[in-house]
Amino acid sequence: MLILGIESSCDETAASVCEDFRKIRSSVISTQIEEHKKYGGVVPEIASRRHCENILEVTKQALRDADVTLADLDGIAVTYAPGLIGALLVGVNFAKSLAFAAEKPLIPVHHISGHIAANYICHEKLEPPYLCIVASGAHSHLIEVLSYTEFRVIGRTRDDAAGECFDKCARAMGFPYPGGVHIDRHAQEGNPLTFKLPHPVVAGNEYDFSFSGLKTSVINMLHRADQKGEIIDKKDLSASIQHTISEIITEKTMGAAEAYGYKKIALAGGVSANSGVRAALSKTCSDRGFEFYMPELSLCGDNAAMIACQGSYNFAAGIIADESLNAVATMPIDSIKF
Ligand code: KG4
Ligand code: ZN
């Protein structure tokens, strides 16, 4: 089975061909980061325009790299939610037209289910059920992966997502967008115990996340230092931020795994590239006898291989869209609608 995947939910235009669920025949990503960097974040209209310009060539390249033609495909999968609406619309409309012209089924994919599926590409033996912590620029979710196509959210972010917290702290420290990776780099040479940063107490659901208090405390610390003319060591602050976020993610994930009876845990989303989060979860899982899975670095951020892989599972489960498929900016993974 050959599935073409198309991704355009944020600032990466991507296409990929996946064979028999987990084998990636090609994966092409055109990133717009350099352009959005100038504005300190993604500018939605620019993102939509670049997707529009790039999506055809990226798709042609993915087909060429995989050595297949449109006729060889069994279906065309596309991210339709959640994300920047103008960006999603480019991918959805393109995939819809391609599916119509090539007379192939159109397969809708939820972006977060795609991030989770990145783990199937890297781990041949991983099968549901398991608990997945998805941490990206817009989400921090603890998700029960009940089957390849069924999900239940048991914890979500109340305010800033983990990636957003990394990026906003990084911005306050003067690092360029997206700042998460700069905090990661600086943290390598810093002391994580230099600054004591707050762990949130979230009333109501102990598995929900809140990162805005941590962000505010970092911003206030930088302002105070600035007013007093003091210099804060960016390496130590980066290491302290990374250490605190890694601890919060690890504590919540392990607590939820124990409460819900999961011995298998996976990490997904852009923040799964963070070396501190990867190390903290791997070590804790191994110390406590849990199986742990995470994507290889190239599959942590947005890509279409994960969409093609999840699209294959959706297709096998009969999840096919009709011609009225629309893009949706906000849609929880456990209330997927077409
Ligand atoms: O999943 P993703 O590529 O896009 C969304 O779906 O949101 O996640 C992007 C997020 C950004 O906030 C980015 O700063 C963060 O993932 N990120 C990192 C690292 N690499 C990417 N955060 C911390 N450390 C990293 N190494
Ligand atoms: Zn993403």
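Keep in mind that what you see is a predicted model, and the values were worked out from it rather than measured. Start at 1 and go down the list; that is how both ligands and their atoms are numbered. No hydrogens, no waters, no symmetry mates; every other heavy atom, side chains included, goes into these values.
- Annotation for ligand 1: atoms under 4.0 Å from non-hydrogen atoms of Ala273 are 20 (N), 26 (N).
- Residue Lys264 places its NZ atom among more than 12 non-hydrogen atoms of other residues, nucleotides or ligands, all under 6.0 Å distant.
- Between the Asp208 side chain and the Thr157 main chain, no donor and acceptor come within less than 3.5 Å of each other.
- Counting non-hydrogen atoms of neighbouring residues, nucleotides and ligands closer than 6.0 angstrom, the CZ atom of Arg158 exceeds 12 such neighbours.
- Nearest protein heavy-atom contact of atom 17 (N) of ligand 1 is Gly270 O, 3.6 Å.
- Residue-to-ligand polar distances place Gly163 within reach of ligand 1: an N/O pair is separated by less than 3.5 Å.
- Taking backbone and side chain together, His111 holds an N, O or S atom under 2.8 Å from the Zn ion (ligand 2).
- From the protein, the heavy atom lying nearest to atom 22 (N) of ligand 1 is Gly180 CA, 3.5 Å.
- Applying side-chain hydrogen bond (donor to acceptor under 3.5 Å, both in side chains) to Lys215 and the options Asn220, Asp159, Asp160 leaves one that passes, Asp160.
- Interface of Gly301 with ligand 1, defined as ligand atoms under 4.0 Å from a residue heavy atom, comprises 3 (O).
- Considering just the N/O/S atoms of Asp302, the one nearest the Zn ion (ligand 2) carries the name OD1.
- At least one N or O atom of Gly137 sits closer than 3.5 Å to an N or O atom of ligand 1.
- In Asn274, the parts holding a heavy atom less than 4.0 Å from any atom of ligand 1 are both the side chain and the backbone.
- In His115, the part holding a heavy atom less than 4.0 Å from any atom of ligand 1 is the side chain.
- Ring pair Phe209/Phe211 is parallel by interplanar angle, where below 30° counts as parallel and above 60° as perpendicular.
- Using a 4.0 Å cut-off between charged side-chain N and carboxylate O, Glu45 and Arg49 make a salt bridge.
- Crowding of Ile231 atom CD1: a count of heavy atoms from other residues, nucleotides or ligands under 6.0 Å not exceeding 12.
- When distances to the Zn ion (ligand 2) are checked against a cut-off of 2.8 Å, Cys10 contributes no N, O or S atom below that limit.
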Query raised in the report: Can Tyr313 and Tyr120 be said to form a ring pair (Phe, Tyr, Trp, His ring centres under 6.0 Å), step by step?
Result: CA-CA 11 Å; Tyr313 286 104; Tyr120 300 135; 5.5 Å; yes
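- Residue contacts with ligand 1 include His111, since one of its heavy atoms falls under 4.0 Å from the ligand.
- Contact analysis puts Ala138 in contact with ligand 1, with a non-hydrogen atom separation below 4.0 angstrom.
- Under 4.0 Å from ligand 1, heavy atoms of Asp302 appear from its side chain as well as its backbone.
- Between Arg64 and Glu57, at least one side-chain nitrogen of the basic residue sits less than 4.0 Å from a carboxylate oxygen of the acidic one, meeting the salt-bridge criterion.
- Among protein heavy atoms, atom 12 (O) of ligand 1 sits closest to Asp167 OD2, 2.7 Å.
- A distance-only check finds a donor-acceptor pair linking the side chain of Ser16 to the backbone of Ser26 [under 3.5 Å].
- Taking only nitrogen or oxygen atoms, main chain and side chain alike, Asp184 reaches within less than 3.5 Å of ligand 1.
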